[in-house]
Protein chains: 2
Amino acid sequence: MARPPTARAKALSAFTQILVTSGERAATLDAVAKAAGISKGGLLYHFGSKEELNEGLVAHLRELIRADIERMNTDPEGAVAYLLRTSAAFESDFENVYIAVAALAQSGDTQAAEVLQEADDAWFKSVATEVKDDAVARAVVLLSDGIYAHAAVQRGPTGHDVDELQELIKQLLATRKQQEQ
Amino acid sequence: MARPPTARAKALSAFTQILVTSGERAATLDAVAKAAGISKGGLLYHFGSKEELNEGLVAHLRELIRADIERMNTDPEGAVAYLLRTSAAFESDFENVYIAVAALAQSGDTQAAEVLQEADDAWFKSVATEVKDDAVARAVVLLSDGIYAHAAVQRGPTGHDVDELQELIKQLLATRKQQEQ
DNA sequence: GTCTATACCCAGATAGAC
DNA sequence: GTCTATCTGGGTATAGAC
């Protein structure tokens, strides 16, 4: 798992790309192998079956979530800004893999559905720690999910105005803090 | 189109149910026919191909959107309340068909993706008319999309606290109205 | 209008050479 | 570790009876 042979990584990358741009139906072993520049046999050497390929991508996302949370917690603008910004802008691999796994989840893969929930839970935790308002944190994660859902359907980054959303969140937090006192 | 023979309606209903509960992969002609209590041949009489079946569901959603917008615009609690409430609670057929079409969209169906965008646009229009604040309207639709995305992945209604969200929106609108003056 | 039977095709998986 | 060739199963579609 630590330093995977390049063919394996290329396969995962190609699989991701096809899932994002063409959907789950198009992501056949043939298509993945071709896009990765290897043969179907070679692909099946690294992933013994289609299910293992799915699991491989799910496991990959699980790793990326850890790294994403790390970046989120250390972002100079804060967790809310990071989450909304990356949802809309595809700053790293993470966003593509997330969308790809979402496609798997909708096609019937239950492990894919589970890891998406894990991402949401981790996001909520980070955001809640920052804003100290669980209701707002839930809303922020929901907004992020909405942006991702859009990207998944439109097959690419969305034009959502993140600054506008951040401003709304800021205003909301200020209002609620005031009322609390 | 006006008074479809029951077999057609049953097929569409079964197709919807399988898509929602088991994903696109499971929604084969065999499975749909069986769930609808008809034979594959009978199913193919009403829908000449799998693609036509997809199109049939997309067209059905397009009709339901009109009815949904109608209910939204006349809801005693208002459009925002209606949208958030129905996203989380599956009040009518609409929500199930919406999730089903979302599954088609993720699997690669472009017409399905288009009609989902139409729904979002129509929702935005209704909400924006009510709240008279485009930024907030966009956020509300995004929240709704987030809730739907959750439901799609979890394969059923979500436990999101709609009252909590509505309260947030209310506070936000009040704050922004005040600042405007 | 709905059925059964069957043909066709392609995605997934296996075998074995290199 | 990667290839080509081949087999199998199942999903889609057609033919034709009732």
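Letters A, B, ... are given to chains in the order of the sequence lines, protein chains preceding strands, and every chain is numbered from 1. These figures come from a predicted structure and were not determined experimentally.
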**Q** Starting from C1' on C:dA13, measure out to CD on A:E51 and report it in whole angstrom.
**A**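 Atom-to-atom, A:E51 to C:dA13, this comes out as 13 Å.
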
**Q** Step by step, would you call A:Q171 with B:Q179 a side chain to side chain donor-acceptor pair (under 3.5 Å)?
**A** CA-CA 10 Å; A:Q171 291 176 350; B:Q179 286 184 350; 3.2 Å; yes

**Q** Quick check for you: among C:dG12, D:dA13, C:dT2, whose closest atom lies nearest to any side-chain atom of B:Y45?
**A**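 Of the candidates, C:dT2 comes closest.
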
**Q** Do the side-chain N or O atoms of B:R25 get closer than 4.0 angstrom to the phosphate oxygens (OP1, OP2) of C:dG12?
**A**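 Yes, B:R25 has a side-chain N/O under 4.0 Å of OP1/OP2 on C:dG12.
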
**Q** Base, sugar-phosphate, or nothing: which does A:T28 touch, judged by heavy atoms less than 4.0 Å apart?
**A**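 The answer is sugar-phosphate, as A:T28 gets under 4.0 Å only of primed atoms, P, OP1 or OP2.
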
**Q** To the nearest Å, give me how far apart CZ (B:F47) and C1' (C:dG1) are.
**A**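 Atom-to-atom, B:F47 to C:dG1, this comes out as 14 Å.
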
**Q** Give the ring-plane orientation class for A:Y148 versus A:W123, where under 30° counts as parallel, over 60° as perpendicular and anything between as tilted.
**A**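 Correct class here is parallel.
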
**Q** Looking only at the side chain of A:S49 (C-beta and beyond, no hydrogens), which of the listed nucleotides C:dA13, D:dG1, C:dT2 gets closest?
**A**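 Per side-chain heavy atoms of A:S49, the pick is C:dA13.
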
**Q** Over how many whole Å does the gap from A:K34 atom NZ to D:dT2 atom C1' extend?
**A**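 It is 19 Å, rounded to the nearest whole Å.
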
**Q** Considering only heavy atoms and no angle criterion, is a donor-acceptor pair shorter than 3.5 Å present between the side chain of B:K40 and the base of D:dT12?
**A**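 Result: at least one qualifying N/O pair found.
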
**Q** Which nucleotide in the set C:dC3, C:dT2, C:dA11 lies at the smallest distance from any side-chain heavy atom of A:D30?
**A**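 Per side-chain heavy atoms of A:D30, the pick is C:dA11.
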
**Q** Please report the distance, rounded to the nearest Å, between CG in A:L44 and P in D:dC3.
**A**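 Whole-Å distance recorded here is 12 Å.
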
**Q** Any donor and acceptor pair, going by atom type alone, linking the side chain of B:E95 with main-chain N or O of B:S87 inside 3.5 Å?
**A**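 Such a contact is absent between B:E95 side chain and B:S87 backbone.
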
**Q** With the threshold set at 4.0 Å, does a side-chain nitrogen-carboxylate oxygen contact exist between B:R85 and B:D75?
**A**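 Counted as a salt bridge, because a side-chain N and a carboxylate O are separated by less than 4.0 Å.
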
**Q** Any idea which of C:dT2, C:dA13, D:dA13 is nearest the B:K50 side chain?
**A**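 Of all the options, the side chain of B:K50 is nearest to D:dA13.
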
**Q** Under a plain distance cut-off of 3.5 Å, with no hydrogens placed, do A:D93 and A:H60 share a side-chain donor-acceptor pair?
**A**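 No pair is found: no donor N or O on one side chain lies under 3.5 Å from an acceptor on the other.
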
**Q** Can you measure B:L43 atom CG to C:dT4 atom P for me and round it to whole angstrom units?
**A**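 In whole Å, C:dT4 P and B:L43 CG are 13 Å from each other.
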
**Q** Kindly point out which of C:dG12, D:dT12, C:dT14 is positioned nearest to the side chain of B:L29?
**A**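 Taking heavy atoms from C-beta onward, the closest nucleotide is D:dT12.
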
**Q** For A:I38, report the nucleic acid contact type (base, sugar-phosphate, nothing); a contact means any heavy atom under 4.0 Å.
**A**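 The residue A:I38 makes sugar-phosphate contact but no base contact.
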
